[in-house]
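Quick notes on the structure that follows.
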Amino acid sequence: MREGTVISEAGASAGAGCGLSQFFYTFRYREEMRYSQTLIPTLKEVPAEAEVISHRLMLRAGFIRKLSSGIYSYLPYGLAAIRRVETIVREEMNRAGAQEMMMPMVQPADLWKESGRYEKYGPELLRFTDRHERESCLGPTHEEVITDIARKEIHSYRDLPINLYQIQTKFRDEIRPRFGLMRGREFIMKDAYSFDVSDEMAETSYKKMYDAYNAIFQRCGLDFRCVEADSGTIGGSFSHEFMVLAETGEDTIAVCDECKWAANLEKAVVRLAGSGSREETLALVKVETPGKRKVAQVCDFLKITPDRLVKTLVYIADGEAVALLIRGDREVEEIKLKNYLGATDLRLADDKEVFDATGVPTGYLGPLGISIRLLADQEVMHLANFSVGANEKNYHLLNVNGGRDFRVSEVADFRRLCESDPCPSCGGSLRLVQGIEVGHIFKLGSAYSESMNAFFQDSEGNGKPLVMGCYGIGVSRVVAAAIEQNHDENGIIFPVPLAPCQVTVLNLGLKDTDISAAAEMIYAKLSAAGIDVFLDDRDERPGVKFKDADLLGFPLRVTVGKRFQENGMVEIRRRRDGKAEESTVDGLVDLIRRRLAELTGQR
RNA sequence: CGGGACGUGGCUCAGUCUGGUAGAGCACAGCGUUCGGGACGCUGGGGUCGGAGGUUCAAAUCCUCUCGUCCCGACCA
């Protein structure tokens with residue numbers, strides 16, 4: 001097997017059009033793609049270890065085999081799928097002016113101590129000592145190494161901007177690896193790092209990557225969305241996630257049907273409709289609500305709807321109890337609360353903690369006279385005459401009004417966006433969909449360059465920290481996500497750009513010289529036409545070949561069998577919709593080309 | 001780390017409760033028939049029952065410990 005051969009410089013390659021320094025790569029996985037000569041151990045039955053669809057199909061299709069928890073070997077055809085993604089990523093990164101390099105997987109602990117992450121990173125970072133008792137770790141990411149290179153090799157503004165990337169294996173010792181390649185411990189990632197002279201320039205670099213990522217996933221033929229994301233603890237600025245839409249996705253994202261807006265629910269800002277209630281305020285009333293603690297029970301008892309009730313939730317944020325007011329029918333988006341508080345650990349308090357902190361049993365908490373730090377979701381301040389707990393067992397208050405009856409100094413957006421909310425950008429209607437995170441881009445700023453002393457001199461000779469950005473794509477996860485999004489009960493349905501081979505030729509008459517000769521000729525012609533073609537030349541029954549062709553997900557299938565004997569026709573069948581047509585051998589190459597062109601970019 | 005399930009030929013699983021000759025289907029090898037949607041018949045090879053210790057005349061089965069895998073949660077991005 002050959003590992004990527006440089007075949008041409010820019011200009012010779014389709015779609016190219018950039019400078020001479022750009023190299024484009026193409027891959028021939030093997031000189032020959034004959035089933036009889038290739039290890040593709042397909043399975044009829046699903047191994048017990050697999051639950052999610054992409055994992056099951058990748059095992060069944062003989063793409064991967066597990067070595068240990070969260071660690072997989074890529075068998076030839078699975079690797080070929082990975083290479084497809086890598087090739088697209090590589091071409092688009094190069095086109096965007098990034099340079100490929102490769103950094104070590106084993107890294108010295110000292111480097112991580114410099115950035116402060118040796119302590120912060122937690123047990124996901126696999127640490128070990130070598131024979132000389134030197135502390136080391138396996139790279140879960142490469143900010144430290146790249147920053148070390150930058151501080152040693154980049155000294156002048158004349159060297160900037162620069163964007164360096166690699167496609168490499170990462171190791172993260174996940175607590176619970178699961179879903180096969182979707183969340184493994186060892187996985188293939190493309191990571192890029194940009195260095196700029198200023199924030200403004202860094203934004204330009206960020207924008208370039210933003211565009212490159214859109215181009216990459218577009219070219220992969222995936223249904224995806226770029227969403228505003230929580231930048232987490234990496235800090236400051238902003239970030240975007242690229243999500244492949246699939247029902248089995250782990251993240252929920254909100255998308256607008258009327259504009260381009262989309263966001264991770266963790267981050268999605270709620271825009272309130274209107275400016276608040278115009279109801280006349282009524283006099284405060286205290287009522288007995290014996291044993292009514294849950295929102296539903298209280299509402300039932302008081303004969304009100306949950307949107308007229310405000311619940312008071314107590315959280316423990318880094319050990320401190322804080323209360324949060326939110327409408328009874330809403331849910332708290334804990335990430336928003338966590339970010340607002342700047343807390344590293346946040347969880348709902350249990351009954352005992354609530355009582356210890358407030359002296360009130362859960363179910364009867366309210367904002368009036370509460371002793372702990374009080375926060376309110378913005379929506380609460382727009383309500384009038386709502387009900388809350390009375391901070392006294394078995395009592396609630398009616399006709400409560402914020403500002404009149406209590407004051408909250410900390411009001412912000414803490415609730416989870418719902419489908420019924422208006423789009424924060426255009427006011428249009430929203431949909432919530434599930435997504436798989438396959439890419440994430442961050443503006444890093446100068447946190448790493450400052451902690452690790454990566455400075456350059458500007459045109460006036462002043463030392464300044466490099467302004468960084470980092471950009472990741474889960475290459476192996478893209479393959480899994482593509483399968484999650486594109487499959488049916490018979491197997492994988494690869495988008496044309498990701499299929500290791502776009503066409504499979506089934507020789508159904510292995511012992512018939514005419515059929516075999518025709519199959520061989522078709523295989524050779526398609527191959528010569530530059531189409532990645534696969535030939536099922538195994539001594540198997542037709543049923544087996546059909547099943548395997550479906551399972552492996554070739555976009556097109558050419559069947560050479562008894563119809564060829566009868567009238568010289570072969571069948572071309574599309575994997576996605578099962579539509580079949582007949583063709584003569586002569587017209588086949590053109591027909592295949594047309595069908596592939598139609599299918600490309602189609603879902 | 002908490003909760004749950006599981007570990008028996010390459011794969012899927014039965015057998016474990018109630019201790020007594022290790023089984024089936026698929027896969028693999030040979031022969032024959034078959035040949036456009038995972039064929040059939042016959043023959044054959046292959047298992048320290050995850051590992052260690054214990055109870056017993058006797059352990060896949062009961063007990064203890066241990067290793068591993070999967071699912072839910074917490075965690076991570």
Side-chain angles (χ1 to χ4, degrees), chain A residues 41-52 55-56 59-62 65-71 117 120-125 140-141 143 170-180 182-185 187 189 191 227 229-235 239-243 249-251 264 266-267 316 334-335 338-339 344-348 435-442 470-474 477 489-491 506-512 515 536 538-552 557-566 569-571 573 578 580 582:
Chain A
T42 57
L43 302 171
K44 230 187 277 192
E45 284 173 295
V46 189
E49 69 193 45
E51 201 68 29
V52 299
H55 190 194
R56 299 167 78 123
L59 286 168
R60 281 195 57 211
R65 286 294 182 261
K66 187 179 68 186
L67 182 61
S68 87
S69 181
I71 301 179
R117 286 210 293 181
K120 273 191 222 154
Y121 211 91
E124 271 198 331
L125 180 66
T141 174
E143 280 85 5
K170 297 274 190 275
F171 192 92
R172 291 183 189 168
D173 200 0
E174 293 278 346
I175 299 173
R176 183 153 90 84
R178 54 185 135 173
F179 309 144
M182 297 265 282
R183 184 170 289 238
R185 291 197 292 167
F187 56 97
M189 184 169 171
D191 49 325
V227 305
D230 175 40
S231 54
T233 46
I234 294 197
S239 89
H240 286 90
E241 284 171 337
F242 289 79
M243 315 286 281
E250 282 190 89
D251 294 273
N264 193 315
E266 293 174 350
K267 167 89 176 185
I316 305 292
E334 294 186 6
I335 303 283
K338 194 171 166 178
N339 287 345
T344 51
D345 182 54
L346 181 80
R347 62 183 172 80
L348 211 52
I436 299 164
E437 180 189 343
V438 289
H440 203 157
I441 57 179
F442 293 93
C470 76
Y471 317 93
I473 290 180
R477 190 186 268 188
E489 64 281 2
N490 294 313
L506 304 190
N507 177 355
L508 296 192
L510 204 70
K511 293 180 183 95
D512 180 292
I515 292 175
D536 192 343
R538 293 173 300 169
D539 184 12
E540 288 287 354
R541 296 165 60 83
V544 173
K545 297 189 178 188
F546 289 137
K547 289 290 182 190
D548 279 337
D550 284 352
L551 181 58
L552 291 167
R557 184 184 84 192
V558 175
T559 308
V560 188
K562 71 180 180 200
R563 259 174 246 155
F564 177 78
Q565 261 177 331
E566 289 160 4
M569 303 295 273
V570 297
E571 181 204 69
R573 186 174 188 271
E582 296 205 333

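Per chain, numbering begins at 1; letters A, B, ... match sequence-line order.
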Original post:
Once you round it to whole Å, what is the distance between P of B/A77 and CD of A/Glu334?
Top reply: 16 Å
Original post:
If only side-chain N and O atoms of A/Arg176 are considered, is one of them under 4.0 Å from the OP1 or OP2 phosphate oxygen of B/C72?
Top reply: yes
Subject >> Quiz item: A/Arg183 side-chain donor-acceptor pair to B/C76 base, under 3.5 Å >> reply: yes
Original post:
Considering only side-chain heavy atoms of A/His440, which listed nucleotide, B/C76, B/G37, B/A77, is closest?
Top reply: B/A77
Original post:
For B/C35, does either OP1 or OP2 sit under 4.0 Å from a side-chain N or O belonging to A/Lys562?
Top reply: no
Subject >> Nearest-Å distance once atom P is located in both B/U12 and B/A52 >> reply: 23 Å
Original post:
Does the gap between the ring centers of A/Phe242 and A/His240 come in under 6.0 Å?
Top reply: no
Original post:
Which whole-number value in Å describes the distance from A/Glu266 CD to B/A77 C1'?
Top reply: 8 Å
**OP:** Would you please confirm or rule out a distance under 4.0 Å between OP1 or OP2 of B/G68 and any side-chain N or O of A/Ser68?
**Re:** no
**OP:** Over all heavy atoms of both residues, which pair between A/Ala229 and A/His440 is shortest? Give the atoms and the distance, please.
**Re:** CB-NE2, 3.9 Å
Subject >> Gap in Å between the two C1' atoms, one belonging to B/G51 and one to B/U8, rounded >> reply: 14 Å
Subject >> Atom-to-atom span, NZ of A/Lys511 to P of B/C35 - whole angstrom >> reply: 11 Å
Original post:
Contact class for A/Ala50 (heavy atom, under 4.0 Å): base, sugar-phosphate, or nothing?
Top reply: nothing
Subject >> Nucleotide nearest A/Thr559 (side chain, heavy atoms from C-beta), chosen from B/C72, B/G36, B/G37 >> reply: B/G36
Original post:
Where do A/Gly70 and A/Pro177 come nearest, in terms of heavy atoms and distance?
Top reply: CA-CB, 3.7 Å
Subject >> Interatomic distance at C1', B/C75 relative to B/G3, whole Å >> reply: 16 Å
**OP:** Round to the nearest Å and state the distance from A/Leu348 atom CG to B/A74 atom P.
**Re:** 12 Å
**OP:** With a 3.5 angstrom cut-off on both distances, give the Watson-Crick or G-U wobble partner of B/A39, or none if there isn't one.
**Re:** B/U33
Original post:
Out of B/C75, B/G37, B/A77, which has the shortest distance to the side chain of A/Lys547?
Top reply: B/G37
Original post:
Quick one: A/Glu250 CD to B/A74 P, roughly how many Å, whole number?
Top reply: 12 Å
Original post:
Rounding to the closest angstrom, what is the interatomic distance between B/G46 and B/C26 at atom C1'?
Top reply: 15 Å
Original post:
Out of B/C11, B/G36, B/C75, which has the shortest distance to the side chain of A/Leu508?
Top reply: B/G36
**OP:** Round to a whole Å and report the spacing from CG of A/Asp536 to P of B/G38.
**Re:** 15 Å
Original post:
When all nucleic acid strands are considered with a 4.0 Å heavy-atom cut-off, which category describes A/Arg557: base, sugar-phosphate, or nothing?
Top reply: base
Original post:
Between A/Asp548 and A/Gly70, which has a closest nucleotide on RNA chain B that is more 5'?
Top reply: A/Asp548
Original post:
Counting any heavy atom closer than 4.0 Å, what does A/Asp251 reach on the DNA or RNA strands: base, sugar-phosphate only, or nothing?
Top reply: base
Subject >> A/Glu51, nearest nucleotide to its side chain (from B/C13, B/C71, B/C35) >> reply: B/C71
Original post:
Can we say A/Glu334 and A/Arg347 salt-bridge, meaning some charged N sits less than 4.0 Å from an Asp/Glu carboxylate O?
Top reply: no
**OP:** For A/Leu346 and for A/Pro177, locate the closest nucleotide of RNA chain B by heavy-atom distance; then report the residue assigned to the nucleotide nearer the 5' terminus.
**Re:** A/Pro177
**OP:** Answer yes or no: side-chain N or O of A/Glu571 and base N or O of B/G36 forming a donor-acceptor pair under 3.5 Å.
**Re:** yes
**OP:** Select base, sugar-phosphate, or nothing to describe what A/Glu437 touches, counting heavy atoms under 4.0 Å on all strands.
**Re:** base
Original post:
If we take the P atom in both B/G53 and B/G15, what is their distance in whole Å?
Top reply: 28 Å
Original post:
Is the closest basic N to carboxylate O distance between A/Lys170 and A/Asp191 below 4.0 Å?
Top reply: yes
Original post:
What nucleic acid atoms does A/Arg172 come within less than 4.0 Å of, heavy atoms only: base, sugar-phosphate, or nothing?
Top reply: nothing
Original post:
Given A/Asp512 and A/Lys562, is the salt bridge (charged side-chain N to carboxylate O under 4.0 Å, His left out) satisfied, shown in steps?
Top reply: CA-CA 10 Å; A/Asp512 180 292; A/Lys562 71 180 180 200; over 6 Å; no
Subject >> Closest to the A/Asp550 side chain, choosing from B/C11, B/G37, B/C72 >> reply: B/G37
Original post:
Looking at B/G25, does its base get a donor-acceptor pair with the side chain of A/Glu45 below 3.5 Å?
Top reply: yes
Original post:
Between B/A74, B/G36, B/C35, which nucleotide gets closest to the side-chain atoms of A/Arg178?
Top reply: B/A74
Subject >> Distance test, side-chain N/O of A/Arg541 to OP1/OP2 of B/U34, below 4.0 Å >> reply: no
Subject >> Whether A/Arg60 side chain and A/Val46 backbone form a donor-acceptor pair below 3.5 Å >> reply: no
Original post:
Rounding to a whole Å, what distance do you find between A/Phe179:CZ and B/C71:C1'?
Top reply: 9 Å
Subject >> Donor-acceptor contact present, side-chain A/Arg65 to main-chain A/Leu59, <3.5 Å >> reply: yes
**OP:** Give A/Arg60 one of three labels, base, sugar-phosphate or nothing, depending on what nucleic acid heavy atoms sit under 4.0 Å from its own.
**Re:** base
Original post:
Are A/Arg56 and A/Glu51 ion-paired here, with the side-chain N under 4.0 Å from a carboxylate O?
Top reply: no
Subject >> Proximal nucleotide (of B/A39, B/C11, B/G36) relative to the A/Pro542 side chain >> reply: B/G36
**OP:** Would you mind reading off the distance between A/Arg538 atom CZ and B/A39 atom P, rounded to a whole angstrom?
**Re:** 12 Å
Subject >> Sugar-phosphate, base or nothing in reach of A/Lys66, heavy atoms under 4.0 Å >> reply: sugar-phosphate
Original post:
Which is true for A/Arg573 with a 4.0 Å heavy-atom rule: it touches a base, it touches only sugar-phosphate, or it touches nothing?
Top reply: base
Subject >> Nearest-neighbour nucleotide for the A/Ser69 side chain, B/C35, B/C70, B/C72 considered >> reply: B/C70
Original post:
Of the nucleotides B/A74, B/C76, B/A39, which one has an atom closest to the side chain of A/Glu174?
Top reply: B/C76
